[in-house]
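Note sheet for the following structure.
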Amino acid sequence: MNIDLKENKALMRSIGVILSTFLIYFLIQNHKFIALLLFSLLIIVLIKSIQSSISGEVFRPYESFNNTKKLWIYIFYFIFSFLLFLSLLGSRFDASNSLLGNLIISFLALLSLICLVLFTTYKLLRYDSNVTELSLTVSKYRILVYSIPSLIIYSIYLISYFPGAMSPDSLDQWSQIISHEFNDWHPVAHTWFIMLTTIIWKSPAAFSVVQILILSFVIGYLGYNFEKYGVNKYVIWISILCMSAIPINGIYSITMWKDILYSACMLLFSIFIFNLIKTKGNWLDTNLNIFLYFISSLGLIMFRHNGLIVFVVTLVILAIIFKSNLKKAYFISIIVVVVQLIITGPLYHFFNVKSSDPNEALAIPTQLIASVIAQDGNLVQEQRAFFNEVLPLEMWKKLYNPYSVDPIKFNEQYNRNFLLENKNEFIKQWLVVSFNNPGLVIKAYLKQVSVVWQIKQFNDGVSTLYLTDIYPKEVGEQMGLASIVINEKLTSVINQILSSTWSYPLKIIWRPAIYTFLIILFSFVNILRGNWKYSLISLPVMLNTGMLLAAIPAQDFRYSYGNLLVMFLAFLTVFVGKNSNLRGGTN
């Protein structure tokens, strides 16, 4: 479609204003008018993207492709935009409009999204790295330089919420450190790591300091790594400053959750995958890099129970694609798995570590059964009697929360022993119930996993974002722990910053789906540029996301925290040239 942009500028600007207005209306509908101000930049970008789409400018990068490839490219854009549309939809149709009115608004909003995706991809594709040979003289001190913003900002959060944030999960781990009676409900390796950081200073603040250092230096390493690959320093600094300034990283840097370090290890491991791809495995030619790869891999598989599956499946896929080209990485990975088996076997036995609750894997089936019982779905008497043995039927109804299975599985009447003894029967009945109640089950499932796929949550949606103190306070005090306000003014400022993220539209930064969509889009840009192997850096985070779709227990952002971190990595890979392969190992 070729329209002279100069001659039709007024027409296209008008169309851009109309379409972008429909998308803005679709996004914010029932919110206060002040929210429009926060979308001012989006409006400008939308108008420009719609103009560029109408003029045909956004289609220029594909002129050299044959018709078959073009067709697949445009199919991707449509499917991607449509899924993005569904993710943004939530349950926020304007009930006052007719069905036809809602359909028109939705169609125009979808059209605007397609234009926006086309324009964003076009802008990224226009960047062409001219780097043909890398300088190997980038000083390792650059890691520290790129770490400084994070170190400063995260330290401010620690001063504001000293000695750090702790939830009931954190306090359970702290009690294990005091009693030396360990259980693997929360990975013991993470509990032991907390204990190690507090040997000299018996305070959660010691762990907070170490976690701040780890997150900051991983971010610093990310910047240093891509400076070596010739990425524009302005692009690197924009990424580093965004990672430092985003409130999620600030408050999570001082929160005692296993998911934080797990996600940091995932980011580091993903960076190493990129290095292995770029150097054809030669990155592991130095002992320091071997050690870093080993540590990041061990952290990935030890700091969360699903980490081992993420790690192994990632390596299997890499082995299928690269065959023997990464044999040193495969060998080290085998050693990592062996070490993990030794730790979880003989070492756990030596310290009398109690096993984790196998019922965790039944979170989704339990939730879907609860939805059918709570809504008086189709159940035969035999099924009612069976589920009544697990938990009295009236309690299923009373405790059911569409977004969390925790109220059910942590209830004192929940018969874990019966459930585990009859696990196979439970799964069988779940499948039968799901087959007999497809509508209820599908709706319940989409709500239970909405934090994974939905940017704009349902009207009745709930989610756990963060905490800033030691909670519950009474339990913390019994262990000699208490939150301290060092500087009231500073704490007040940080409180306001965090509180501003509670409301829409800023609340979307707490929706992991937005980062997932961006990772997919950046990966597609790499594919279009002929760098399809770069997209493999997203394997760990996508596998983790897939596992959450199968077993997520509640609407906690922390489960998908790695999506935020890896998104910045995926973004930076777009700016690496094809000819910047680096042979030999440097960290």
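Each residue takes its place number in the sequence, starting with 1. Values below: every heavy atom of this structure, side chains too, minus hydrogens, waters and symmetry copies.
Atom CG of Asn422 is separated from atom CD of Glu389 by 9.0 Å, given to the nearest 0.5 angstrom. Taking CG from Asn388 and CE from Met395, the interatomic distance works out to 11.5 Å, rounded to the nearest 0.5 Å. Remark: Tyr534 OH to Thr573 OG1 distance equals 8.0 Å, nearest 0.5 Å. Note that the CD1 atom of Ile177 and the CD atom of Gln173 stand 7.0 Å from one another [nearest 0.5 Å]. With rounding to the nearest 0.5 angstrom, the CD atom of Gln457 is 10.5 Å from the NZ atom of Lys447. Summarising the geometry, atom CD1 belonging to Ile321 is positioned 4.5 Å from atom CG belonging to Leu536; distances are rounded to the nearest 0.5 Å.
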Next on the checklist: Under the criterion side chain to side chain contact (heavy atoms under 4.5 Å, CB included), I'd like the reasoning laid out for Tyr559 against Asn306: C-alpha separation, chi angles, the key distance, then a yes or no.
Outcome noted: CA-CA 11 Å; Tyr559 298 144; Asn306 65 322; over 6 Å; no
Checklist entry - Could you walk me through whether Tyr77 and Phe524 pass the ring-ring contact (aromatic ring centres under 6.0 Å, His included) check? => result CA-CA 10 Å; Tyr77 282 131; Phe524 187 67; 5.5 Å; yes
Checklist entry - Step by step, would you call Ile273 with Thr314 a side chain to side chain contact (heavy atoms under 4.5 Å, CB included)? => result CA-CA 10 Å; Ile273 290 177; Thr314 297; 3.8 Å; yes
Item to check | Worked check of side chain to side chain contact (heavy atoms under 4.5 Å, CB included) between Leu564 and Asn249 | outcome: CA-CA 9 Å; Leu564 166 62; Asn249 285 344; 3.6 Å; yes
Item to check | Pair Ser535-Asn526, side chain to side chain donor-acceptor pair (under 3.5 Å): steps then yes or no | outcome: CA-CA 7 Å; Ser535 63; Asn526 277 324; over 6 Å; no
Checklist entry - For His186 and Ile194, what are the C-alpha separation, side-chain angles and deciding distance, and is it a side chain to side chain contact (heavy atoms under 4.5 Å, CB included)? => result CA-CA 12 Å; His186 307 292; Ile194 297 171; over 6 Å; no
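Sparse packing is recorded around CD of Glu382, with 12 or fewer heavy atoms of other residues, nucleotides or ligands lying under 6.0 Å away. Dense packing is recorded around CZ of Phe410, with more than 12 heavy atoms of other residues, nucleotides or ligands lying under 6.0 Å away. For CZ of Phe107, the number of neighbouring non-hydrogen atoms (other residues, nucleotides, ligands) closer than 6.0 Å is 12 at most. For Trp532, the CH2 atom sits in a packed shell: over 12 heavy atoms of surrounding residues, nucleotides or ligands are nearer than 6.0 Å.
Without hydrogens or angle criteria, Arg511 side chain to Gln454 main chain gives a donor-acceptor distance under 3.5 Å. Under a 3.5 Å cut-off, the side chain of Thr120 and the backbone N or O of Leu116 do form a donor-acceptor pair. A donor-acceptor contact shorter than 3.5 Å links the side chain of His305 to the backbone of Asp184. The closest donor-acceptor contact from the side chain of Gln367 to the backbone of Asn401 lies under 3.5 Å. Under the 3.5 Å distance criterion, the side-chain polar atoms of Arg304 are left unmatched by any main-chain donor or acceptor of Ser263. Of the possible donor and acceptor atoms, one in the side chain of Gln448 sits under 3.5 Å from a partner among the backbone N and O of Ile552. Between the Ser253 side chain and the Ile212 main chain, no donor and acceptor come within less than 3.5 Å of each other. Side chain of Asp556 to backbone of Arg558: no donor-acceptor contact under 3.5 angstrom is found. Formation of a donor-acceptor pair under 3.5 Å by the Ser170 side chain with backbone atoms of Met256 is found in this model.
Residues Pro163 and Ile470 have side chains in contact (heavy-atom distance under 4.5 Å, counting atoms from C-beta outward). A 4.5 Å side-chain heavy-atom check between Ser167 and Thr464 finds every atom pair outside the cut-off. Leu518 has its side chain out of reach of Phe571: every pair of non-hydrogen atoms, C-beta onward, lies at least 4.5 Å apart. Considering only heavy atoms from C-beta on, Ile219 stays 4.5 Å or farther from Phe568 through its side chain. Under the 4.5 Å side-chain criterion, counting only non-hydrogen atoms from C-beta, Thr121 is not in contact with Phe80. At least one side-chain heavy atom of Lys423 sits less than 4.5 Å from a side-chain heavy atom of Leu362. Looking at Phe522 and Ile537, their side chains never come closer than 4.5 Å, going by heavy atoms from C-beta outward. Side-chain contact between Met302 and Val188 is absent, with no heavy-atom pair separated by less than 4.5 Å.
Ring pair Tyr466/Trp502 is tilted by interplanar angle, where 30° to 60° counts as tilted. Ring geometry, Phe311 versus Phe269: the interplanar angle falls from 30° to 60°, so the pair is classed tilted.
Here the shortest heavy-atom pairing between Tyr348 and Ala189 reads OH-N, 4.0 Å. Closest approach of Ile254 to Gln211, counting heavy atoms only: N-NE2, 4.1 Å. The shortest heavy-atom contact between Leu498 and Thr501 is O-OG1, 2.5 Å. The heavy-atom pair separating Tyr414 from Leu391 by the smallest distance is N-CD1, 3.7 Å. Pairing each heavy atom of Val451 with each of Pro512, the nearest pair is O-CD, 3.1 Å. Summarising the geometry of Pro365 relative to Phe426, their closest heavy-atom pair is CB-CE2, 4.0 Å, with the distance given to 0.1 Å.
Every residue was checked against the side chain to side chain donor-acceptor pair (under 3.5 Å) condition with Asn437, not counting sequence neighbours, and none meets it. When the side chain to side chain donor-acceptor pair (under 3.5 Å) test is applied to Asn352, no partner is found at least two apart in sequence or on another chain. For Glu425, the side chain to side chain donor-acceptor pair (under 3.5 Å) partners are Gln429, not counting sequence neighbours. Among residues two or more places apart in sequence or in another chain, the side chain to side chain donor-acceptor pair (under 3.5 Å) test is passed with Trp453 by none.
Between Asp172 and Gln176, the side chains place a donor N or O and an acceptor N or O closer than 3.5 Å (distance only, hydrogens not considered). Residues Tyr161 and Asn495 bring a donor and an acceptor atom of their side chains to less than 3.5 Å of each other.
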Residues 368-381 side chain polar contacts: donor-acceptor under 3.5 Å, at least two apart:
residue, atom, partner, partner atom, Å
Ser371, OG, Leu368, O, 2.6
Gln375, NE2, Ser371, O, 3.1
Asp376, OD1, Lys397, NZ, 2.7

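Here the two rings, on Trp257 and Tyr252, have centers that are under 6.0 Å apart. You'll find the ring centres of Phe351 and Trp192 inside the 6.0 Å limit.
Applying the ring-ring contact (aromatic ring centres under 6.0 Å, His included) test to every pair with at least one member in residues 365-397, sequence neighbours left out, gives these pairs: Phe386-Phe418.
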